[in-house]
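Single-structure report; data block below.
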Amino acid sequence: MSSDGNNKKQFWKRSTSKVPGSIQHVYGAQHPPFDPLLHANLIKAGPKPAPVTPGGKPKKATTFQEFESITSDAWEVGDDDDDELLAMAAHNLNIEVVMETANKVIENHSKQQERQRRDDETERQEEDEQEEEEEEEATAEEEEEQQEEGGSCRGEGTEEEAASTETSLGPHGDSRLVKSHSEAPIGSPRDEVAERGPLHRQRSLPPRPPIIPMVARIADQNTSGSPVMTEREASRLDKFRQLLAGPHTDLGKNLPSTSTVPPPTSGVWYPGIRIDIPRMNPERLVMQPQVTEIHIDIPRTNPLIPLFQQASVQEIFERILFIWAIRHPASGYVQGINDLVTPFFVVYVFEYIALILAPLSLYPSHPRTSLPLHIPGPLRVGAPFLFPEAPCWLCVVVVLSRPHSVYICKAGPSRPEAIDPIDPDQSIVLDRSTSLSSSIGWREGLD
Amino acid sequence: MTAAPYNYSYIFKYIIIGDMGVGKSCLLHQFTEKKFMADCPHTIGVEFGTRIMEVNGQKVKLQIWDTAGQERFRAVTRSYYRGAAGALMVYDITRRSTYNHLSSWLTDARNLTNPNTVIILIGNKADLEAQRDVTYEEAKQFAEENGLLFLEASAKTGENVEEAFLEAAKRIYQNIQDGSLDLNAAESGVQHKPSVPQGGRLNSDTQPAKEGCSC
């Protein structure tokens with residue numbers, strides 16, 4: 001993921017301020033059709049100077065921004081929210097730039113930025129409107145798709161599903177699982193306490209102390225030896241992290257789309273969905289054979305790699321598999337799904353270490369897999385969307401959705417509904433994150 | 001090029017069936033490798049193992065199909081019952097549910113194998129005496145009622161593992177000797193391999209017995 005970012009950076013560095021040829025709006029050749037009202041801000045964004053980057057690199061940012069705004073009509077409307085994040089970054093930087101570069105430039109800059117911030121705010125409002133419209137479209141699409149895909153057994157557990165409330169897979173959602181099987185390691189009270197630990201810790205952090213360590217951490221991740229991320233990127237990342245640490249961040253509303261997430265955090269982004277767990281009788285839940293089956297398979301998932309014997313890791317697998325199973329009652333848990341979770345988990349656990357914990361090199365690693373032998377902490381951060389658990393879950397859902405629906409189709413004419421209703425707002429985020437994020441890109445190769 | 005004579009006289013086909021997590025793969029591993037594999041990974045579909053052992057003075061090659069236990073895979077594993085000379089039906093003495101499912105496994109085994117197939121019931125994890133959930137007596141009674149051989153074994157310690165495979169092999173051999181198992185019958189699960197090479201028959205080494213089947 002970080003290498004992705006590097007490539008991008010280098011690419012833009014080489015580009016000059018001028019773009020070969022003239023790129024102009026092509027009316028009537030895009031979908032949805034060009035609407036001058038909606039796109040006014042995009043046109044405006046072009047000539048406007050980019051937010052000033054500290055560290056004397058405004059030129060590069062300008063180049064990038066100019067290019068992007070000139071060519072913005074070439075992309076889908078939904079991809080253009082970068083402006084929004086830039087606005088956020090500018091807001092953040094505004095404080096910092098003043099602090100760091102208190103010199104002769106300061107007056108000019110602050111005036112300029114003050115003006116710009118006002119512009120950005122109006123722009124943001126416009127953008128929001130635009131996004132809402134887009135979301136409505138997507139919702140309609142999603143509903144169609146759901147009907148098409150078919151899903152959960154309408155027979156058993158319908159009342160429970162109907163009674164189910166939208167629950168995020170946070171500590172709250174977990175507490176239900178606690179009731180469901182008290183003996184199981186999943187969501188035991190100890191876990192819940194431990195899980196809240198890091199959140200409190202993160203929340204109590206002063207607003208911006210860890211900027212240098214963060215840069216160092218990301219730099220540690222960059223094996224290619226490319227230059228350390230710019231401060232703009234760092235502040236983006238940091239801003240992002242603050243939002244993540246917030247107790248009730250609603251990714252659908254508070255944050256822009258996936259395309260704008262700084263590369264190292266793109267994994268953190270996916271879980272912008274809420275998982276609604278059908279409310280079921282706890283006794284019945286324990287009786288479900290799939291719970292037993294999952295319990296049998298968890299300890300023998302990658303048994304030779306020490307990390308997978310760690311309790312917090314096993315709990316993650318357990319929750320992922322369990323939620324998948326109850327959301328796909330037509331098939332339930334099938335042996336081998338645990339092996340499908342593994343590669344995603346490995347990807348996100350590395351990201352977790354780089355992002356949340358100290359550099360990977362601090363951890364003694366397994367010689368053959370280079371996975372750490374043990375990772376401290378509860379290994380779940382960022383309620384209500386939990387990292388690295390939720391992205392794993394989402395990836396598995398995406399990967400399995402296709403073969404699964406094929407199976408259901410072949411199973412018979414009265415195919416049951418395998419997928420519970422998803423909050424329409426949230427499903428847009430899912431849709432976006434799956435289609436836009438780079439690390440899930442390989443999945444498109446499967447389609 | 002002349003092939004060396006077989007170092008065994010018969011091939012017996014075995015299958016191992018039973019609920020997931022009862023230790024089917026571990027039993028096979030213990031039998032073929034003489035090692036215990038803790039937390040051995042689950043089996044998807046089927047796996048396979050062989051070992052040559054001596055039965056009543058005859059070298060016999062056991063060709064063992066280890067099936068996946070999860071209900072989901074039954075559709076796949078059912079196709080492997082055919083032509084088995086012996087079936088090891090395994091349950092876990094520490095988990096009653098695996099014992100309760102035996103009748104379903106037995107039904108499958110009876111329906112999908114030939115009448116002469118020797119079925120041996122194995123209560124695995126006998127080393128976990130403290131967690132025992134199924135008594136020896138009731139399992140023994142179940143086995144007698146259904147005409148099964150019965151042993152309690154432990155894939156961990158290796159206790160009775162060898163014996164389980166051997167007991168079934170002895171019974172199969174006995175059936176061959178007394179003529180109740182027709183070697184020429186389709187799907188007998190047994191191939192006779194004369195120890196002296198006889199022309200083209202050598203090449204049929206790995207091919208199933210049903211090759212010569214008339215049906």
Side-chain angles (χ1 to χ4, degrees), chain A residues 153 181 183-185 284 286-311 313-314 317-318 321-322 324-326 328-343 345 366 369 400 403-404 406-408 410-412 418, chain B residues 16-30 33 35-47 65-78 80 90-105 123-125 127-128 131 133-134 155-156:
Chain A
C153 286
H181 34 302
E183 282 178 346
R284 265 185 63 190
V286 179
M287 292 307 289
Q288 298 220 345
Q290 57 203 14
V291 175
T292 321
E293 292 180 349
I294 291 169
H295 281 173
I296 291 172
D297 272 0
I298 296 279
R300 47 182 188 165
T301 302
N302 313 303
L304 299 178
I305 304 171
L307 182 62
F308 290 92
Q309 298 304 315
Q310 186 178 324
V313 171
Q314 294 195 344
F317 270 73
E318 188 168 353
L321 296 176
F322 177 72
W324 197 91
I326 58 171
H328 299 81
S331 66
Y333 168 70
V334 181
Q335 288 188 317
I337 294 180
N338 56 342
D339 297 330
L340 287 175
V341 179
T342 305
F345 179 78
H366 185 245
T369 61
L400 289 176
H404 183 76
V406 169
Y407 175 80
I408 295 289
K410 286 183 177 168
Chain B
I16 311 180
I17 54 176
D19 272 16
M20 67 181 272
V22 297
K24 297 179 295 296
S25 301
C26 283
L27 280 171
L28 175 61
H29 197 257
Q30 177 63 257
E33 310 287 326
K35 274 181 207 148
F36 174 60
M37 197 172 16
D39 287 329
C40 111
H42 53 61
T43 309
I44 293 179
V46 288
E47 281 172 24
W65 296 86
D66 170 29
T67 64
Q70 200 188 15
E71 179 70 30
R72 274 264 120 197
F73 291 99
R74 287 256 193 138
V76 180
T77 54
R78 279 196 181 112
Y80 289 87
V90 188
Y91 70 96
D92 176 353
I93 68 157
T94 67
R95 269 161 58 215
R96 180 139 213 116
S97 62
T98 66
Y99 176 78
N100 294 340
H101 293 155
L102 284 178
S103 56
S104 142
W105 287 111
N124 194 24
K125 310 197 186 176
D127 54 299
L128 301 173
Q131 299 165 43
D133 203 12
V134 181
K156 190 173 185 179

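Sequence lines set the chain letters: A, B, ... in the order given, protein chains first and strands last, and positions in each chain run from 1.
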Answer key: most heavy-atom pairs under 4.5 Å with chain A among B/M37, B/H42, B/R95 is B/H42
(message) One pair to check against side-chain contact (heavy atoms from CB on, under 4.5 Å): A/Q314 and A/Q309. What are the steps and the verdict?
(response) CA-CA 7 Å; A/Q314 294 195 344; A/Q309 298 304 315; 3.3 Å; yes
Within residues 299-306 of chain A, the residues sitting under 4.5 Å from chain B by heavy atom, in sequence order, are A/P299, A/R300, A/P303
Note: B/D133 and B/R96 closest approach over all heavy atoms is O-NH1, 2.8 Å
Rounded to the nearest 0.5 angstrom, the CG-CD1 distance for A/N338 and A/I296 is 12.0 Å
Across all chains, not counting sequence neighbours, the side-chain hydrogen bond (donor to acceptor under 3.5 Å, both in side chains) partners of B/T98 are none
Of all heavy-atom pairs linking A/Q335 and B/T43, the shortest is OE1-O, 3.5 Å
Closest non-hydrogen atoms of A/G332 and A/W324, given as atom of the first, atom of the second and distance, are O-CZ3, 3.2 Å
Under 4.5 Å to a heavy atom of chain A? For B/S97 that would be neither
(request) Hey, can you tell me if B/W65 and B/Y80 have their rings parallel, tilted or perpendicular (30° and 60° cut-offs)? (result) tilted
